[in-house]
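Working notes, beginning with the structure itself.
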Amino acid sequence: MNSLRAIFTSLLDSLRDLLPIILVIGFFQFVVLQQTIPNFGEIALGIVFVVIGLTLFVHGLNMGLFPIGESMAYAFASKGSLFWLLTFAFSLGFGTTVAEPALIAVADEAAVVAASGNMIEDSERSRDTYSFWLRITVALSVGFAIMLGVLRIIKGWPIQYLIIGGYIGVVIMTVFAPKEIIGIAYDSGGVTTSTITVPLVTALGVGLASSIKGRNPMTDGFGLIAFASLTPMIFVMAYGMVV
Amino acid sequence: MHIFLDLIKVLLGTVWDVLPIALIIFGFQIFVLRKALSNLKKIITGFVLVLLGLAFFLEGLEAALFPLGKLMAQQLTDPSFIAHGKALSELHWLDYKWVYLFALAIGFSTTIAEPSLLAVAIKANQVSAGAIGIWGLRIAVALGVAIGITLGVYRIVTGTALYWYIITGYVFVVIQTIYAPRMIIALAYDSGGVTTSTVTVPLVAALGLGLATTVPGRSPLLDGFGLIAFASLFPIMSVMAYAQISEWKADRLHKKST
């Protein structure tokens with residue numbers, strides 16, 4: 001009985017998370033655009049799906065993603081091999097980014113922009129090559145970012161100096177990068193971190209910071225995502241300058 | 001019933017996306033750490049739940065909210081809706097008022113539903129022993145995204161260069177960093193990256209592309225981008241502001257009671 005109640009409460013929580021979108025879309029549909037809702041049944045079913053999905057996700061998060069991220073952080077900390085920890089951090093960043101659907105979409109659009117700006121030849125083959133290497137570039141930059149972020153947690157460097165340094169890098173690159181690439185580069189920072197990567201990486205950072213003496217999980221544990229959204233901007237602009 | 005067929009397709013797609021992550025994790029676990037996981041069963045159940053959850057979530061969005069939301073973004077940015085018979089080139093930036101309101105509302109509401117933000121909020125709440133509220137953080141981030149996207153829309157309408165906004169934003173972030181409570185800084189920087197994912201990006205991209213197609217003198221290829229950048233910059237400021245306001249309130253309460 002109790003577990004049934006728990007499921008019901010978490011379903012209600014998910015519905016509450018979704019309510020703002022439903023209200024916004026409803027308001028614009030009925031009041032501003034003054035239209036009715038087409039195929040109501042399918043939309044209602046879709047909303048039920050979203051609510052179920054969010055509920056399952058949150059449960060899975062607490063059962064699987066958070067514990068594995070943390071237990072690996074502890075295991076690496078007790079093993080004491082910096083080399084393997086950094087290799088893991090790099091692979092995690094690179095591996096989760098290179099196949100990220102949102103990144104594939106952005107890279108393809110970037111290739112179209114580059115072709116229309118005469119930066120590359122306008123043929124399918126050269127666009128594909130451009131988009132493929134752009135993805136590799138972004139994935140490398142995220143791998144590098146997670147590695148740097150992990151190193152920061154271990155050494156206890158204050159995050160603000162690194163981030164501000166990164167900002168200065170972005171500004172300098174903006175001056176030299178071709179104009180066409182700037183918008184895409186700025187956007188690429190936001191699209192790299194997916195829904196599965198974020199909880200894993202967060203748990204890894206917090207786990208590391210709690211298992212290393214002298215680190216505070218709050219001030220030192222977070223920040224990995226921040227690096228992962230900053231470095232792609234610099235790398236993509238560099239890519240735009242080289243190609 | 002094709003929604004159920006699509007669900008299976010989406011599920012397979014999600015499994016495919018998660019495969020590299022699973023390979024890396026279990027590869028390192030087996031070959032480098034060489035330690036059996038004590039609660040392997042539970043962790044695998046958790047992974048399966050996350051996969052199922054994401055598949056339901058994505059398919060539900062695809063069936064219900066994305067078609068309607070994207071169509072809405074197109075209709076709201078359509079010349080016939082905005083111009084009301086006036087020539088497009090004579091439009092004042094205020095004529096786009098519904099677009100701003102839509103940007104504000106959709107930015108806020110999609111962020112509240114963003115699963116990765118929820119994950120970070122849960123973790124921050126655990127780590128800070130409750131000092132950072134799950135809802136407080138989510139609302140702060142959502143406000144940041146809402147303001148950011150609205151400003152981004154204004155930029156597309158007026159045609160100012162993107163980098164001026166972003167660089168000014170950076171200056172603000174740096175100044176705020178000096179004054180914000182130390183414990184919030186890393187989390188605030190993180191919140192920039194987690195906001196833009198599954199729910200927000202498709203709707204916001206549709207809005208940017210639609211608007212850049214409508215406004216005279218804008219190219220969808222060049223000006224359609226940039227909204228995501230706004231959405232990842234402004235939450236940094238709003239989360240630091242949230243911490244500053246909470247600290248200030250706590251201070252005042254403390255002074256009152258002594």
Side-chain angles (χ1 to χ4, degrees), chain A residues 17-18 20-21 24-25 28 32-33 42-43 45-47 49-50 52-54 56-57 59-61 63-65 67-68 75 84 88 91-92 95-96 99 102 113 116 159-160 163-164 167 171 174 182-184 186-187 189-190 193 195-196 198-199 202 206 217-219 222-223 225-226 228-229, chain B residues 18 20-21 24 28 32-33 35 42-43 45-47 49-50 52-54 56-57 59-61 63-65 68-69 72 75 98 102 105-106 109 112-113 115-116 119-120 123 127-128 162-163 167 170 174 177 182-183 185-187 189-190 192-194 196-198 201 221 225-226 228-229 232:
Chain A
D17 293 340
L18 204 63
I21 305 191
V24 168
I25 291 196
F28 275 88
V32 182
L33 295 166
E42 188 160 332
I43 288 181
L45 189 61
I47 289 174
F49 271 31
V50 177
I52 295 174
L54 204 54
L56 292 177
F57 176 79
H59 276 267
L61 210 64
M63 278 175 79
L65 292 188
I68 187 109
W84 282 115
F88 175 68
S91 331
L92 197 63
T96 55
V113 173
S116 78
I159 189 168
Q160 52 269 42
I163 295 287
I164 292 172
Y167 283 169
V171 173
T174 305
I182 292 176
I184 297 163
Y186 284 1
D187 271 6
T193 41
T195 315
I196 296 171
V198 167
T202 307
V206 168
M218 195 66 218
T219 47
F222 290 93
I225 310 289
S229 23
Chain B
V18 172
I21 305 180
I24 292 167
F28 272 87
V32 179
L33 294 171
K35 223 162 121 189
K42 202 177 147 201
I43 284 176
T45 319
F47 260 83
L49 284 183
V50 164
L52 275 176
L54 274 181
F56 267 100
F57 188 76
E59 177 51 30
L61 287 177
L65 296 168
L68 213 55
M72 204 169 268
Q75 286 174 331
W98 287 117
F102 183 69
I106 210 79
S109 58
I112 292 288
S116 38
V120 169
K123 199 85 231 168
V127 172
S128 67
L162 173 65
Y163 51 86
I167 292 172
Y170 282 171
V174 171
T177 303
R182 252 201 69 186
M183 67 176 273
I185 292 173
L187 182 63
Y189 289 160
D190 263 4
V194 298
T196 45
S197 95
T198 6
V201 172
L221 280 181
F225 291 101
I228 309 291
S232 6

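A note on names: the letters A, B, ... follow the listed sequences, proteins ahead of strands, and every chain is numbered from 1.
- For the pair A:S229 and B:Y189, the minimum side-chain heavy-atom distance is 4.5 Å or more.
- Counting heavy-atom pairs under 4.5 Å between each of A:I47, A:L65, A:V32 and chain B puts A:V32 at the top.
- Looking at every heavy atom in both residues, A:T195 comes nearest to B:P115 through CG2-CB, 3.7 Å.
- Contact of the A:F88 side chain with the B:V32 side chain is not registered, since no non-hydrogen atoms from C-beta on lie closer than 4.5 Å.
- Top candidate by heavy-atom pairs under 4.5 Å with chain A, chosen from B:L65, B:V127, B:L61, is B:V127.
- Counting heavy-atom pairs closer than 4.5 Å to chain A, the top-ranked of the candidates B:G226, B:P20, B:A63 is B:G226.
- Not counting sequence neighbours, the partners of B:S116 by the side chain to side chain donor-acceptor pair (under 3.5 Å) test are B:S197.
- Looking only at side-chain heavy atoms (C-beta outward), A:T219 and B:I185 stay at 4.5 Å or farther from each other.
- Atom CD1 of A:I68 is separated from atom CZ of B:F47 by 6.0 Å, given to the nearest 0.5 angstrom.
- Of the two parts of B:S128, the backbone and the side chain both hold a non-hydrogen atom closer than 4.5 Å to a non-hydrogen atom of chain A.
- Among B:L187, B:V201, B:T45, the residue making the largest number of heavy-atom pairs under 4.5 Å with chain A is B:L187.
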Would you check, one step at a time, whether the test side chain to side chain contact (heavy atoms under 4.5 Å, CB included) holds for B:V120 with A:F222?
-> CA-CA 9 Å; B:V120 169; A:F222 290 93; 4.2 Å; yes
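- Between chain B and the options A:L61, A:L18, A:T174, heavy-atom pairs under 4.5 Å are most frequent for A:L61.
- Between the CD1 atom of A:I43 and the CG atom of B:L68 there is a distance of 5.0 Å, given to the nearest 0.5 Å.
- The nearest pair of heavy atoms linking A:D187 to B:A229 is OD1-N, 2.9 Å.
- Ranked by heavy-atom pairs under 4.5 Å with chain A, the first of B:E59, B:M183, B:K123 is B:K123.
- Counting heavy atoms from C-beta outward, A:Y167 and B:V174 have side chains that approach closer than 4.5 Å.
- Distance CZ/B:F28 to CG/A:L92: 9.0 Å, rounded to 0.5 Å.
- Legend: residues meeting side chain to side chain donor-acceptor pair (under 3.5 Å) with A:T96, ordered by chain and number and at least two apart, are absent.
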Stepwise side chain to side chain contact (heavy atoms under 4.5 Å, CB included) test for A:V50 and B:F56 | CA-CA 6 Å; A:V50 177; B:F56 267 100; over 6 Å; no
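- Considering only heavy-atom pairs separated by less than 4.5 Å from chain A, the leading option among B:S232, B:G69, B:A105 is B:A105.
- B:V50 and A:G60 make their closest contact through CG2-C, 3.5 Å (heavy atoms, listed as atom of the first residue, atom of the second, distance).
- Nearest approach of A:P20 to B:I112, heavy atoms of both residues: CG-CG2, 4.2 Å.
- A 4.5 Å side-chain heavy-atom check between B:F102 and A:F28 finds at least one atom pair inside the cut-off.
- Contact of A:V206 with chain B is made through the side chain alone, with heavy-atom distances under 4.5 Å.
- You'll find the side chain of A:F57 reaches within 4.5 Å of the side chain of B:L54, heavy atoms only.
- Here the closest non-hydrogen pair linking A:I21 and B:A113 is CD1-CB, 3.9 Å.
- No other option in B:L49, B:D190, B:T177, B:I228 has as many heavy-atom pairs under 4.5 Å with chain A as B:D190.
- Residue contact with chain B, scored on non-hydrogen atoms closer than 4.5 Å, involves the side chain of A:V198 exclusively.
- Taking 4.5 Å as the limit, every side-chain heavy atom of A:M63 sits out of range of all side-chain heavy atoms of B:I43.
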